[in-house]
Amino acid sequence: MVLVNENYLKLPGSYLFSEIARRVGAYSEANPNAKIIRMGIGDVTRPLPQAVIEAMHKAVDEMAQTNTFRGYGPEQGYSFLVEKIIEKDLKPRGLDIQKDEVFVSDGSKSDTGNIGDILGIKNKVAVTDPVYPVYVDTNAMAGRAGDYQESGKWTNIVYIPCTKDNGFVPALPTEKPDVIYLCYPNNPTGTTLKKSELKVWVDYAIANKCLILFDAAYEAYIQETDVPHSIYEIEGAKKVAIEFRSFSKTAGFTGTRCAFTIIPKELEAYTEKGEKVQLNKLWNRRHTTKFNGVSYVTQRAAEAVYSDEGQKQVKELVNYYMTNASIIRDSLLKMGFEIFGGVNAPYIWLKTPNDMTSWDFFDLLLTKVNVVGTPGVGFGPSGEGYFRLTAFGKKEDTIEAMDRLKTLFSK
Ligand code: MLT
């Protein structure tokens, strides 16, 4: 008799973005003429930068010739890409990361989800609340989350509320966790931590032998100078943190798939007997066993992001989306909304009017003005009463969506 992983049976409903797609699909089917503007899932809409396209074409041509064809590559990523990441992305920020501390992968979603493979099942996990649902759901699948309660919380997860009341700065937990997920610039709130605020967490992790899983997928959107681009800008972080980076939002790779994860060799965790183990070694073992590397063509595409042309084009992409973010921010402010984020991140987090629930607000926007966003409560209990809009749409759609909202909320 085949037994299932019963942890999956504890998961509520469907994955947040699948649920939104289902509801929008049902509405669309019933209202085939509705011109729906999607500002829900954070998916990019601009084409890949020209430098990336050219590199991909060239790589495809290489794959067509016997003498330049490539089969399996190194699971951790080709040297040409890893070297560029270190030289162009990490060194300029003063970060001393070695080649064998970088693991190229197909995405930060997969890596933040899979990292639990190398962590003990008894670890207590802490998340900021609201939070990217992948962190919680993958721990629930592994059996680390306990049971799901009606409150929207799992019994064995430590929730650290981030709301307007604390300025979206997470307070240190009263119950000591072993593993802490931090995502900055934050998905979903679009808020950031200053260096001094992030240092509090690094110091806490050092003092309490915790591991920080730092998701920096939106790092390219940082505009302000006192916001850290990497957790390793904080002294001591290499001893306690794994960092996840992605080309998805930086260079339009959501469909192309390429990311990288940094696991410093000095980062150690423990066996139950208290023996120290390098997490880099364990992840290398996992990665080489379960993953055969990102395709050659895609890695050449990612490499091109670091060329002079690529860097210029990527900046233009980021500017395009940040212009949308400003349009959304300015319009919502004029309509009288209380808003957060959107300054160093492509997400705008708004307080729903009159304490409306976030799903009611979702339904209102969908049915009255055909605009789709993401209900805050989908990211965790502290997201109730909030709503997320993404700046990743086309500019004309973003303007049109704001005009439509004005018909409902003009002051
Ligand atoms: C989001 O909308 O939160 C993101 O698109 C999720 C992701 O990057 O997987």
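Counting starts at 1 for both ligands and their atoms, following the listed order.
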So what's ligand 1 close to, N/O to N/O, under 3.5 Å?
residue: ligand 1; atom: 2 (O); partner: Gly42; partner atom: N; Å: 2.6
residue: ligand 1; atom: 2 (O); partner: Arg388; partner atom: NH2; Å: 2.7
residue: ligand 1; atom: 3 (O); partner: Asn187; partner atom: ND2; Å: 2.8
residue: ligand 1; atom: 3 (O); partner: Arg388; partner atom: NH1; Å: 2.9
residue: ligand 1; atom: 5 (O); partner: Gly42; partner atom: N; Å: 3.3
residue: ligand 1; atom: 5 (O); partner: Gly42; partner atom: O; Å: 3.3
residue: ligand 1; atom: 5 (O); partner: Lys249; partner atom: NZ; Å: 3.3
residue: ligand 1; atom: 8 (O); partner: Lys249; partner atom: NZ; Å: 2.8
residue: ligand 1; atom: 9 (O); partner: Tyr132; partner atom: OH; Å: 2.5

Is Glu400 paired with Arg404 through a side-chain N to carboxylate O contact shorter than 4.0 Å? yes

Side-chain donor-acceptor distances from residues 188-195 under 3.5 Å, at least two apart:
residue: Thr189; atom: OG1; partner: Asn186; partner atom: OD1; Å: 2.8
residue: Thr189; atom: OG1; partner: Thr191; partner atom: N; Å: 3.3
residue: Thr189; atom: OG1; partner: Thr191; partner atom: OG1; Å: 2.7
residue: Lys195; atom: NZ; partner: Glu233; partner atom: OE1; Å: 3.3

Between Asp403 and Lys406, is the closest basic N to carboxylate O distance under 4.0 Å? yes

Hits for ring pair (Phe, Tyr, Trp, His ring centres under 6.0 Å) against Phe214, two or more places apart or cross-chain, chain-then-number order -> none

So, using side chain to side chain donor-acceptor pair (under 3.5 Å) as the criterion, who are the partners of Asp117 when residues are at least two apart? Arg286, Lys290

Ring center gap for Phe379 and Tyr386 short of 6.0 angstrom: no

